Amino acid sequence: MKNAPLEALKALVGPAGYLDAGPDMDLYLTDFRRLHRGRSPLVLLPANTGQVAQVVRICAQHRIGIVPQGGNTGYCGGATPDDSGTQVILALQRLNRIRQIDPLGDAITVEAGCTLAQVRQAAESADRLFPLSLGSEGTCQIGGNVATNAGGTAVLRYGMMRALVLGLEVVLADGRVIEGLKPLRKDNSGYRLHELFIGSEGTLGIVTAACLKLFPRPVERATALAAVADPAAAVQLLSALRTAAGEQLSTFELMPRLAVELTSRHIPGVRDPFSSAYEWYVLTELAASNSGSGSGIQTTLEEILAAHATDAVVATNLQQREALWRMRETVPEAQRHAGASIKHDIAVPISVIARFIREAGDWVTANVPDGQLIAYGHLGDGNLHFNIQQRPDTDAAQFLARAPHIHRTIHDLVAAYGGTFSAEHGIGQLKLEDMRRYKSPTELAVMHAMKQALDPQGILNPGKVLPAAGT
Ligand code: FAD
Ligand code: 2HG
Ligand code: ZN
């Protein structure tokens with residue numbers, strides 16, 4: 001027998017607007033990391049905000065759970081339905097128009113299903129920069145970037161996605177729409193409502209469009225791969241670069257030797273640019289937006305590296321710069337080629353990060369003989385991907401079976417250092433236990449109150465972000 005609400009949803013979006021069977025549907029049911037798999041009777045592909053609002057209204061009427069999905073590159077299973085087979089997936093990919101570019105006001109208004117690469121390209125065609133920079137930019141979508149408050153490799157200078165949003169258009173859980181796309185730099189007229197939805201992972205509202213900040217395009221860049229003795233030396237280098245270059249310092253990414261080895265082995269075109277092997281490396285970049293200012297960023301970079309790095313390769317042309325960036329951006333891909341990985345997306349205060357890496361690294365060496373530490377990432381933001389890579393010729397299933405114990409130990413240590421168990425990837429369905437363990441009862445109670453106020457029936461991305469109350 002046909003299910004009347006599902007038939008109403010299909011009639012609403014039309015034949016081009018849904019999938020209810022076939023291999024294409026499978027892509028929506030599993031996350032990028034293949035950690036989660038769910039079931040769903042229907043993937044909805046609405047064509048515009050009006051259709052999204054009507055879909056939500058029908059779902060609200062029948063208490064049908066809705067799982068918003070963007071590019072499905074998220075790391076925590078936030079866009080994957082549960083296995084009840086009752087939740088519908090709401091994919092935003094057809095809302096993919098650039099609505100407006102305002103180079104004079106440095107703002108761009110885009111629909112949620114635009115890919116990040118599309119938005120960066122649109123900004124560039126107006127001689128502006130949209131600075132969010134993620135390895136997944138060709139696939140992830142602006143709605144997903146907003147919903148996860150994405151970070152990446154330019155946070156040091158431009159902030160996370162939250163800092164780049166001027167306003168949002170959001171469909172609420174009852175189908176009403178907040179039309180908040182004003183490109184205002186200042187607006188203290190009551191609560192900044194759009195802020196609520198940034199980082200809420202689809203649990204408070206569905207983002208259908210965003211008004212984003214643009215910046216002048218850098219006209220000069222100086223990029224280097226530096227070798228340093230250890231993470232403490234990397235932090236000293238960071239401090240020296242900040243002092244010398246101020247806000248021109250836009251990237252500071254740490255990589256261990258294993259990252260260089262894995263990318264050189266598994267990624268075509270990547271090679272170690274040094275003739276000697278070093279223990280630790282930093283990819284760093286200074287960028288100047290005003291040519292002829294006498295900024296001399298290349299000279300600044302070379303001088304600081306001469307004083308603070310063991311060795312360094314400074315890119316002298318675009319091709320060399322791209323090769324250095326490729327090494328950093330393909331570390332996750334190289335990790336996949338090399339086998340199983342137990343990942344942590346943590347942040348601790350920069351002043352203690354070197355001590356943290358030593359203590360947590362010693363624990364890994366002593367307790368995970370079949371794993372190798374590959375701690376890399378956004379050192380300039382105090383954010384590390386403290387990952388443990390399965391050693392060659394070991395058993396993946398045995399290695400992964402110990403993941404819960406390893407996560408617990410590392411996250412407890414992070415908490416002792418005053419840090420967080422989720423710096424940029426969010427919570428999704430992966431880190432609900434951590435929410436319960438590390439968030440205070442007061443923090444959780446306020447989050448539940450916000451959820452209750454905005455989605456009293458609990459139909460928006462059920463089972464994500466918030467651990468069930470009282471469990
Ligand atoms: P999805 O995975 O589709 O969804 C993520 C969450 O957002 C889900 O909870 C979903 O329900 C919700 N959501 C999606 N769209 C909407 C919407 N329109 N309205 C409401 N909720 C919505 N992340 C970083 O922060 N920094 C990095 O450096 C980084 N690098 C990456 C590199 C690679 C190679 C890969 C594969 C991923 C990387 N990521 C990184 C993770 C991921 O790309 C980001 O979290 C990204 O913001 C997710 O966007 P998406 O469109 O794929 O969202
Ligand atoms: C990155 O910074 C991403 O490359 C992915 O956030 C990190 O795979 C990871 O652990
Ligand atoms: Zn990252």
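Both ligands and their constituent atoms are indexed starting at 1 by order of listing. Bear in mind the structure is a predicted one, so any value in this text is a computation, not a measurement.
- For G205, the closest heavy-atom approach to ligand 1 falls below 4.0 Å.
- Of the protein's non-hydrogen atoms, N72 N, 3.6 Å is the one closest to atom 1 (P) of ligand 1.
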Test log, rule side-chain hydrogen bond (donor to acceptor under 3.5 Å, both in side chains), inputs T153 and S133
CA-CA 6 Å; T153 52; S133 173; 3.1 Å; yes

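- For ligand 1, the atoms closer than 4.0 angstrom to any heavy atom of A150 are 25 (O), 47 (O).
- Between F421 and H407, every side-chain heavy-atom pair lies at or beyond the 4.5 Å cut-off.
- Note: an N/O pair closer than 3.5 Å links G71 and ligand 1 by distance alone.
- Using a 4.0 Å cut-off between charged nitrogen and carboxylate oxygen, K182 and D187 do not count as a salt-bridge pair.
- Counted by atom type alone, D370 and Q398 present zero donor-acceptor pairs between their side chains at under 3.5 Å.
- Short contacts between ligand 1 and N461, defined as distances under 4.0 Å to a heavy atom of the residue, involve ligand atoms 9 (O), 11 (O).
- One option in G202, P68, A147 has a heavy atom closer to atom 11 (O) of ligand 1 than any other, and that option is P68.
- Between the choices G151, C76, A79, the shortest heavy-atom distance to atom 4 (O) of ligand 1 belongs to A79.
- Protein heavy atom at the shortest distance from atom 19 (N) of ligand 1 is V207 N, 3.0 Å.
- Residue contacts with ligand 1: Q69 is placed with no nitrogen or oxygen under 3.5 Å of a nitrogen or oxygen of the ligand (distance criterion only).
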What do the steps show when you test R328 against E253 for salt bridge (charged side-chain N to carboxylate O under 4.0 Å, His left out), and what is the final call?
CA-CA 8 Å; R328 162 61 187 94; E253 297 281 315; 2.7 Å; yes

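- By the 3.5 Å distance cut-off applied to N or O atoms, G74 is counted among the residues near ligand 1.
- Side chains of S250 and E285: no donor on one and acceptor on the other come within 3.5 Å.
- For ligand 1, the polar-atom distance check against E424 finds a nitrogen or oxygen pair separated by under 3.5 Å.
- Atom CG of L19 is separated from atom OG of S40 by 10.0 Å, given to the nearest 0.5 angstrom.
- Residue contacts with ligand 1 for D31 are absent, since no atom lies close enough (heavy atoms, distance under 4.0 Å).
- Of the listed residues (V67, V465, T73), the one carrying the non-hydrogen atom nearest atom 48 (C) of ligand 1 is T73.
- If you look at ligand 2, the protein residues with a non-hydrogen atom under 4.0 Å away are Y75, R328, P332, K343, Y376, H378, H385, N387, E424, H425.
- Side-chain atoms of D31 and Y75 form no donor-acceptor pair, as typed in the model, at a separation below 3.5 Å.
- The closest protein non-hydrogen atom to atom 35 (C) of ligand 1 is S136 CB, 3.6 Å.
- Around the Zn ion (ligand 3), the protein N, O or S atoms closer than 2.8 Å are H378 NE2, H385 NE2, E424 OE2, listed by chain and residue number.
- Taking every non-hydrogen atom of L92 and a distance limit under 4.0 Å, the qualifying atoms of ligand 1 come out as 18 (N).
- With hydrogens and angles left out, the side-chain atoms of D82 and Q87 include a donor and acceptor closer than 3.5 Å.
- The proximity of N145 to ligand 1, defined as any non-hydrogen pair under 4.0 Å, involves the side chain as well as the backbone.
- At a heavy-atom distance under 4.0 Å, only side-chain atoms of F32, from C-beta outward, approach ligand 1.
- Look at K464 and you'll find every heavy atom at least 4.0 Å from all atoms of ligand 1.
- A side chain to side chain contact (heavy atoms under 4.5 Å, CB included) with K439 is found for exactly one of I427, D434, L444, namely L444.
- Annotation for ligand 1: atoms under 4.0 Å from non-hydrogen atoms of Q141 are 50 (P), 51 (O).
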